[in-house]
Amino acid sequence: MSASTAPSHPYRVGQWLPSDQRILDAWIGKRLAQATANPVPLLPIMEEFKQLIEGDATIYMLFHQMLSEVPHSKRFRHNPAGGPQVRSYHVMLQMINAILTEAPEFNTSGLVGFPINAILDWSMDTPGGFAAFLNEKVNRQFKRVLNEWARFLGSADSRYILNDDPCTGWLGTAAMAAMPDFAEHFVCDPSAPYYGFTSWDDFFTRQFREGQRPVAAPDDDSVITNACESAPYRLACGVRQIDRFWIKAQPYSLTHMLDGDSRVAQFDGGTVYQAFLDALSYHRWHSPVNGRIVKAVVIDGTYYSETPAEGEDDSGPNDSQAYITEVATRALVFIEADNPAIGLMCFMAVGMAEVSTCQITVYEGQQVRKGQQLGMFHFGGSTHCLIFRPGVELDFNLDGNRPGLHSTSIPINSQIARVK
C-alpha cells in the first residue's frame, strides 16, 4: 500500500475492525474456504439456527434476500474484513460455528474484535438485512448463540490466546505496546500463568489497580464524572419523548430508549450525552454521581440492526450508535442523585454486535458513591448514555474533544460536567 492510500488509522472507530479491508484476507478467506470446501457438523446451537431459518418462511426469505441483495459490484465483492463475500446462509452458519470455540487474537493492524459482525456486515445494510435483524426470533437466537460463545470465552480453555506471542498474543510485545504499563494499571500477576487471568472474559473485564482512576471531586455533588472509559460521541439537548429515531441524523427517542418506563415523561426535553468504548478499553461502568439506585434492568433487543438512513457502514453499527440506543440490548440504571439540582438521571449501557452482554452489579434501593461500579460489558465494550431531565443545567468539559466518531477516550471517573 502506498503512503497516499494508506489509512490514517490502523483500525476503524472503536478498534474492533481494521481500517484497511485487505489486511484480513487470510482471516476471512481461511474460514470461507473451510466453510465451503470442508464443512463440519454444526454445534447444537448453530443447528438450532439452521432449523430456525429453514423452518420459518419469513426468516428463510429474509436470509436469502439479504445475502442476495449485497451488490456484486467491485466495492462489495469482498466483505468488510477484506475477504470473499458470504453469499449463502449455509456458509454463514459454518463460519459462525467455527468462531464459537475461538477467542480473538491480538493484531496491531487488524484485530477482528467483531468477527461475526465482519461476516454479516454488508448484508446488514440491505433491506432484507434491516428486516431480518429486527426480527424477534432472529434476535432471540442470536442471544443464545452469543451466550454460548460467552461460555467458551469465560472458560479456562479460552486462555490459550493470553500468551506472549510477539504478534498475536495478548501478553506479547505488540499487545503490551498497545496497552502500555499494563501490569501497573491493571490487577494482574505477571509472574503467574496467563498473568493470573482465569479466562478471556476475565482478561477483558480486568479491573484497574487502586489509585489508577481516582474519582474527581468525590464529595462535590455538582461534579459529574465519566461513567465509562470512553470517547464522546454525541451531546444532545431538548431531546423529545418520541421521535423518528431511524431517520438521518438519528434523533433520540426517549420513550423507546427507556423502554416505555413510567418515568420517561420526566426526561422529555432533557439532555443525552453518549460516548463509546474501544477494543482495548476498560469495560466496567461506574456511577457518575452520588445517589440511590431507583431501578436497574436489562432490556433484550437487537444485535446486528443498523439504520439504512446512514447508507453503507463498513464498520457495522458504528454509524448507527444513536439509533441502536432505541433497539439494541441495553441496561438501564436509574439513579436519584443526592444533588437535587440533578435529581433523577439514567445511565444506559448499550450493547453493539457481539458486545451485548450487559451485567448489572447494583440493586434497587442501593446507595452508591460516585465512581462505584454499576456493572460491566462482557467481551469488550460498546456505547453508553447519560440521560438528564430538562432544567438540569450542565456545563460539559470533554477534555478538548468535539463529540464524534473520531474523538479520543476520556478516563473513567474524571470530570465531564458540572451542574451550573
Side-chain angles (χ1 to χ4, degrees), residues 215-230 232-241 243 251-277 284-299 322 325-326 330-350 358 360-376 382-398 403 410 412-420:
V215 179
D219 299 316
D220 185 349
D221 285 341
S222 68
V223 170
I224 297 166
T225 54
N226 200 17
C228 295
E229 191 98 349
S230 53
Y233 174 71
R234 182 178 288 186
L235 178 59
C237 301
V239 176
R240 298 173 62 179
Q241 185 169 339
D243 213 330
Y252 294 115
S253 183
L254 290 166
T255 292
H256 301 102
M257 294 171 73
L258 301 180
D259 196 44
D261 189 272
S262 60
R263 302 166 185 83
V264 68
Q266 298 184 47
F267 294 94
D268 190 13
T271 299
V272 174
Y273 168 71
Q274 185 172 0
F276 60 93
L277 294 77
R284 296 174 184 248
W285 328 320
H286 292 190
S287 180
V289 296
N290 297 317
R292 178 176 58 86
I293 305 299
V294 174
K295 182 178 180 179
V297 62
V298 174
I299 308 300
T325 63
E326 285 89 356
R330 57 204 184 276
L332 304 177
V333 182
F334 290 88
I335 307 172
E336 182 70 36
D338 289 347
N339 187 343
I342 300 174
L344 185 68
M345 64 157 297
C346 184
F347 167 83
M348 170 192 287
V350 186
C358 302
I360 296 172
T361 57
V362 292
Y363 57 87
E364 296 176 5
Q366 181 178 351
Q367 194 72 26
V368 293
R369 297 290 298 169
K370 194 187 308 180
Q372 184 173 339
Q373 180 176 292
L374 299 177
M376 70 194 80
S382 200
T383 189
H384 76 286
C385 295
L386 301 180
I387 307 171
F388 301 92
R389 298 174 307 149
V392 179
E393 298 186 23
L394 299 167
D395 182 14
F396 279 87
N397 179 2
L398 302 179
I410 300 174
I412 196 169
N413 296 336
S414 58
Q415 179 178 334
I416 58 167
R418 179 183 289 273
V419 182
K420 294 181 182 179

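Owing to the predicted nature of the structure, the values given are computational and were not obtained by experimental measurement. Quick note: numbers below take in every heavy atom, side chains included, and nothing from hydrogens, waters or symmetry partners.
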Q: Enter the distance from Ser287:OG to Met345:CE here, rounded to the nearest 0.5 Å.
A: 7.0 Å
Q: Could you tell me whether the side chain of Arg330 and the main chain of Met348 form a donor-acceptor pair under 3.5 Å?
A: no
Q: Check whether more than 12 heavy atoms from other residues, nucleotides or ligands sit under 6.0 Å from atom CZ of Arg240, and answer yes or no.
A: no
Q. Are Trp285 and Ile360 side-chain neighbours, meaning at least one heavy-atom pair lies under 4.5 Å?
A. yes
Q | Donor on one side chain, acceptor on other, Asn290 and Asp338, under 3.5 Å | A | no
Q) Any idea which heavy atoms bring Asp243 and Pro251 closest together, and the distance? A) OD2-CB, 3.5 Å
Q.
With a 3.5 Å distance limit and no angle check, can you tell me whether Thr255 reaches the backbone of Gly260 through a side-chain donor-acceptor pair?
A. no
Q.
Give me the atom names and distance for the closest heavy-atom approach of Gln266 to Pro390.
A. O-CD, 3.1 Å
Using distance only, find each side-chain donor-acceptor pair of residues 412-420 under 3.5 Å and give its atom names and separation, not counting sequence neighbours.
unit_1, atom_1, unit_2, atom_2, d
Asn413, OD1, His286, ND1, 3.0
Asn413, ND2, Arg213, O, 2.8
Asn413, ND2, His286, ND1, 3.4
Ser414, OG, Pro411, O, 2.6
Arg418, NH1, Asp220, OD2, 3.3
Arg418, NH1, Ser222, OG, 2.9

Q. So, Ser382 side chain and Val350 main chain: donor-acceptor pair closer than 3.5 Å or not?
A. yes
Q: Taking all non-hydrogen atoms of both residues into account, name the closest pair between Leu386 and Ala227 and its distance.
A: CD2-CB, 4.1 Å
Q) Under 3.5 Å, is there a donor-acceptor pair between the side chain of Arg234 and the main chain of Pro403? A) no
Q: Would you confirm whether Gln367, through its side chain, and Gly291, through its main-chain N or O, come within 3.5 Å as a donor-acceptor pair?
A: yes
Q. Just by distance, with hydrogens left out, do Glu326 and Ser253 show a side-chain donor and acceptor under 3.5 Å apart?
A. no
Q. Is the closest side-chain heavy-atom distance between Asp221 and Val289 below 4.5 Å?
A. no
Q. Can you find a pair of side-chain heavy atoms, one from Ile335 and one from Ile342, that are under 4.5 Å apart?
A. no
Q.
As an exercise, state the distance from CG of Asn226 to CD1 of Ile410, rounded to the nearest 0.5 Å.
A. 5.5 Å
Q. Can you tell me how far the OG1 atom of Thr225 sits from the NZ atom of Lys370, to the nearest 0.5 Å?
A. 6.0 Å
Q) Less than 4.5 Å apart, any side-chain heavy atom of Leu394 and any of Cys237? A) no
Q: Scan Val294, Leu258, Val264 and name whichever one has a side-chain contact (heavy atoms from CB on, under 4.5 Å) with Cys346.
A: Leu258
Q: Could you pull out the closest heavy-atom pair between Leu277 and Cys228, with the gap in Å?
A: CD1-CB, 4.1 Å
Q. Atom CD of Gln366 and atom CG of Leu374: how far apart are they, to the nearest 0.5 Å?
A. 8.5 Å
Q) Using 30° and 60° as the class limits, which term best fits the ring planes of Tyr273 and His384: parallel, tilted or perpendicular? A) perpendicular
(Q) Just verifying a value: how many Å separate Ile387 CD1 and Tyr252 OH, rounded to the nearest 0.5 Å? (A) 9.0 Å
Q: Please work out which of the three classes, parallel, tilted or perpendicular, describes the rings of Phe334 and Phe267, given edges at 30° and 60°.
A: tilted
Q: State whether the side chain of Lys295 and the backbone N or O of Asp261 hold a donor-acceptor pair below 3.5 Å, judged by distance alone.
A: no
Q. What distance do Thr271 atom OG1 and Arg389 atom CZ have between them, rounded to the nearest 0.5 Å?
A. 11.5 Å
